[in-house]
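Working notes, structure below.
Note that ligands are numbered from 1 as they come in the structure, with each ligand's atoms numbered from 1 the same way.
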Amino acid sequence: MARAAASADRGRFITLEGGEGAGKSTQARILAERLAERGLPVMLTREPGGAPGAEAVRGVLLGAGPWDGVAECMLHFAARREHVARSVGPALHAGMWVVCDRFADSTLAYQCFGQGVPRSVWEALADVALGSLRPDLTVLLDLPPEAGLARAAARGDTNRYEELDPAFHARVRAGFRTIAEAEPGRCVVADATDSPEAVSAAILAAVQSRLSPPP
Ligand code: TYD
């Protein structure tokens, strides 16, 4: 399950990240469809969730709270460990292209940058839960929080996080941008205020240039 760019037949791990209402779920679905059209074996998944136990933890995370920040980090990483152990890891090992709606960067942005949990907590949990597994490519769908929150409200599917104050969402956005700037080899930033068509074209271009899937 290691980063294992080393192994020729390991699949590829692509994550989509961003704040509320950035269009991650739509874009993850479109990307998975485009890759499948090329004949690639694809798994589309999401966090928190993506495996039965992880979906159960998702219900706890979104249904209860507010949580102590460290406890919340631990719950996200417990769900992530289950997801990686049962779904993502085996799929990558089988040579699949895994497209995941949110992953560990969300915990860094929401719980550390947003809620003030020390980064060292994230690092310790990532070490235990993920070992060396990291995405091959992360696309950050970036947009001002007020625009994203308005979209999410219009969809009518607000959750506990969306109801947090605007300053929290501003810290989350800044956190994601800081992560992307620190790891330009892994991360690409797409302007999520563009049309869905333009955003999906930008994502496909990034996948093409970074991971070179077959035409
Ligand atoms: P979801 O309905 O999937 O939101 P979205 O459609 O915006 O992806 O709910 C997941 C919520 O959980 C979302 O508000 C962000 C939050 N979250 C964290 O705070 N930390 C994490 O590590 C993850 C994966 C999600």
Measure R80 to ligand 1 on non-hydrogen atoms and call it side chain, backbone, both or neither using the 4.0 Å cut-off.
side chain
P48 heavy atoms within 4.0 Å reach ligand 1 at atoms 10 (C), 24 (C), 25 (C)
Any chance you could lay out the side-chain hydrogen bond (donor to acceptor under 3.5 Å, both in side chains) test for S106 and E17, step after step, and finish with the verdict?
CA-CA 7 Å; S106 278; E17 295 280 9; 2.5 Å; yes
Report, in ascending order of atom number, the atoms of ligand 1 lying under 4.0 Å from any heavy atom of E20.
7 (O), 13 (C), 14 (O), 15 (C)
Report yes or no: does H76 contribute a side-chain atom to a donor-acceptor pair with the main-chain N or O of A71 at less than 3.5 Å?
no
The protein heavy atom nearest to atom 6 (O) of ligand 1 is R155 NH2, 4.1 Å
At a non-hydrogen distance cut-off of under 4.0 Å, which region of L61 contacts ligand 1 (side chain, backbone, both, or neither)?
neither
May I ask whether R160 places a heavy atom under 4.0 Å from ligand 1?
no
Kindly confirm or rule out a cation-pi arrangement of R171 over F168, judged by NZ or CZ under 6.0 Å from the six-membered ring centre and within 45° of its axis?
no
Ignoring hydrogens and angles, state whether a donor on the side chain of E20 or H169 is under 3.5 Å from an acceptor on the partner side chain.
no
So is there a nitrogen or oxygen of S25 less than 3.5 Å from a nitrogen or oxygen in ligand 1?
no
Among protein heavy atoms, which lies nearest atom 9 (O) of ligand 1, and at what distance?
N159 ND2, 3.1 Å
Any N/O pair R102/ligand 1 closer than 3.5 Å:
yes
Is the backbone of A104 close enough, under 3.5 Å, to the side chain of W122 for a donor and an acceptor to pair up by distance?
yes
Atom 25 (C) of ligand 1 sits nearest the protein heavy atom H76 CE1, 3.6 Å
Considering distance alone, does some N or O of R58 sit under 3.5 Å from an N or O of ligand 1?
yes
Not counting sequence neighbours, which residues clear ring-ring contact (aromatic ring centres under 6.0 Å, His included) with F13? List them please.
F103
Please could you name the atoms of ligand 1 that Q111 approaches to less than 4.0 Å, counting only its heavy atoms?
18 (C), 19 (O), 20 (N), 21 (C), 22 (O)
Compute the shortest N/O to N/O distance between E47 and ligand 1 and return yes if it is under 3.5 Å, no if not.
no
Any chance you could lay out the side-chain hydrogen bond (donor to acceptor under 3.5 Å, both in side chains) test for T107 and R80, step after step, and finish with the verdict?
CA-CA 10 Å; T107 311; R80 184 161 300 126; 2.8 Å; yes
Between E162 and N159 (side chain of the first, backbone of the second, donor and acceptor by atom type, cut-off under 3.5 Å), is there such a pair?
yes
Check ligand 1 against T107 and write out every atom of the ligand that is under 4.0 Å from a heavy-atom position of the residue.
21 (C), 22 (O)
According to the side-chain hydrogen bond (donor to acceptor under 3.5 Å, both in side chains) rule, which pairs have a member within residues 202-215, sequence neighbours left out?
R38-Q208
Residue pair R10 / D136, side-chain heavy-atom distance below 4.5 Å
yes
Just jot down the ligand 1 atoms closer than 4.0 angstrom to any heavy atom of K24, in number order.
7 (O), 8 (O)
Looking at non-hydrogen atoms alone, which of F77, W122, Y161 comes nearest to atom 16 (C) of ligand 1?
Y161
